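One structure is given here, and the rest of the page talks about it.
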Number of protein chains: 2
Amino acid sequence: MKLYNKYPKHFVAVDCVIFGYRNNELCLLLYPRGFEPAQGRWSLMGGFVEVDESADSAAKRVLQQTTGLKEIFLKQVGVFSEPARDPEARVISIAYYALIRIEDQNELLIRKHGAHWWPITALPRMIFDHDQITEQALVELQRKSRYSIVGKELLPEKFTLLQLRKLYEAIFQKEFDPGNFRKKILSLDTLERLSFKDYSESKKGAFYYRCKEESDEYKER
Amino acid sequence: MKLYNKYPKHFVAVDCVIFGYRNNELCLLLYPRGFEPAQGRWSLMGGFVEVDESADSAAKRVLQQTTGLKEIFLKQVGVFSEPARDPEARVISIAYYALIRIEDQNELLIRKHGAHWWPITALPRMIFDHDQITEQALVELQRKSRYSIVGKELLPEKFTLLQLRKLYEAIFQKEFDPGNFRKKILSLDTLERLSFKDYSESKKGAFYYRCKEESDEYKER
DNA sequence: ACAAAAGTGTTGCGGCTACACCCATGA
DNA sequence: TCATGGGTGTAGCCGCAACACTTTTGT
């Protein structure tokens, strides 16, 4: 108990960059901060780490409290610890990013907190260093997208390759060649074609796909 | 001051995985822990984050106190925060890895702390979750090595391509084709050939190289 | 007929791997 | 002369980008 007593203790928080996809746009879920300082200004969803939980658990808890979702993709981005980053007190923040399907979230819960989905291309000013955190989270999302199909986390269970391509175009903010994109994605052999089509985007109809169930989901890394 | 008072505070530490290279082996600098709990057992070098410093600064400070070196490569690995990871108290650890030239370090300072260089292939048991931290740090080092020439940080200022290749073989624990390795490294255009040779490893002699001075060192990321 | 998405095929470039093959020289 | 590292060249494979082209069907 007393061995470490000469060292200081710190507030430790988690902040979550919550990505979603809607209207062909990559979006972020932001909240008007509910307490001082900076009350009412837009903020990433965050919370303090409790004594009996890991940072990962804290992030999971925060996410569940605010979106109603369990079992969502969550990954550490890094630590933001400049002593003056929060003007109220010294708070060390551990940043995460999360990927959620917008249609799965609990609409009421979101409203209760006054949360709002913002397109990544037109974000409002955020408090403290949250814009910097967001930027790094986007880099991490792009990295993940390069070696894994993020449609699994961000799109409905079944989706067309057009939807998937639009998602990637939103993530990387650039266009991809339709033919090449299709070939590359399918060559990964992680999607399976379903037997029915979507006719809303084209007259010919595009087959729906879904991600194969993979027991090695944890191996991918 | 009192706004956050209902939330708990935590000890926050930094732990440094210090890589060096010696005798054709990738090594780690470990210390016998100087205080309870687990006094005397091998440990990464660490320290607590003070109130007026960022985690990055804390890691830099710890490194300077123990190796005598400033201006060394240092990168965050991640946060380790399981509540029970330290049996004495709840300590949240921010892990870093560092790359140093063994011959540059302060030999006396190292000795004073009882530190010891261990080959990565034959590490002793470490305290707490330090072996897990080390494993992740190695993955990060391998990632960095893939897109940047780590000889700059781990080898003397001038080195031969044989030395560099042996270093990479130690980092990835596998052999590389000498011809292909040379071509790939040189194609990066970040090394410059010096006008003299090393004759200790071969009769023909191998040219020394050194890293070009690059003003864009910070762009590389 | 035309537009627009779906889907397939082709070509060329660049990087990587495997390996052959020179050179230099000490033992 | 043989072994060893230094250093260069080449042929095959693969992934990728650019782009042509065909299919389908609503307007």
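Chain identifiers are assigned alphabetically (A, B, ...) following the order of the sequence lines, protein sequences preceding nucleic acid strands; residue numbering begins at 1 within each chain. Fair warning: this is a prediction, and the values are worked out from it, not measured in the lab.
- Ring pair B:Y168/B:F176 is perpendicular by interplanar angle, where above 60° counts as perpendicular and below 30° as parallel.
- C:dG9 atom C1' lies 20 Å from atom CZ of A:F181, rounded to whole Å.
- Taking atom OH on B:Y168 and atom C1' on C:dC16, their separation rounds to 16 Å, with Å as the unit.
- Taking atom CG of B:D198 as the reference point, atom C1' of C:dT25 lies 15 Å away to the nearest angstrom.
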**OP:** Determine, step by step, whether B:R125 and B:W42 satisfy the side-chain contact (heavy atoms from CB on, under 4.5 Å) criterion, reporting the C-alpha distance in whole Å, the side-chain angles of both residues, the deciding distance to 0.1 Å, and the verdict.
**Re:** CA-CA 7 Å; B:R125 280 276 193 93; B:W42 294 100; over 6 Å; no
**OP:** Show the numbers, then the answer: is there a salt bridge (Lys or Arg N to Asp or Glu O under 4.0 Å) between A:E169 and A:R165?
**Re:** CA-CA 6 Å; A:E169 291 179 348; A:R165 178 163 54 87; 3.3 Å; yes
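- To the nearest angstrom, P of C:dT25 lies 17 Å from CD of B:E201.
- If you measure from atom CZ of B:F176 to atom P of C:dC16, you get 12 Å, rounded to the nearest angstrom.
- Around the CD atom of A:E175, the shell of radius 6.0 Å holds no more than 12 heavy atoms that belong to other residues, nucleotides or ligands.
- The distance from atom CD1 of B:I185 to atom C1' of D:dG6 is 16 Å, rounded to the nearest whole Å.
- Ranking C:dA6, D:dG5, C:dG7 by closeness to the A:F207 side chain, first place goes to C:dG7.
- Remark: the B:D15 side chain and the B:S93 side chain contain an N/O donor-acceptor pair separated by less than 3.5 Å.
- You'll find the ring centres of A:Y208 and A:F159 outside the 6.0 Å limit.
- One can place OH of A:Y208 at 11 Å from P of C:dA6, the figure rounded to the nearest angstrom.
- Residues A:E192 and A:R210 are paired through a salt bridge, judged by an N-O separation under 4.0 Å between the basic side chain and the carboxylate.
- The separation between B:L164 atom CG and D:dG7 atom C1' is 16 Å, rounded to whole Å.
- OP1 or OP2 of D:dT8 lies within a sub-4.0 Å distance of a side-chain N or O belonging to B:R182.
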Original post:
How does protein contact run along nucleotides 15-27 of chain D, one letter per nucleotide 5' to 3', with B for base contact, S for sugar-phosphate only, - for none, heavy atoms under 4.0 Å?
Top reply: -SBBB---BBBS-
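- Looking at heavy-atom distances under 4.0 Å, A:L161 makes no contact with the nucleic acid at all.
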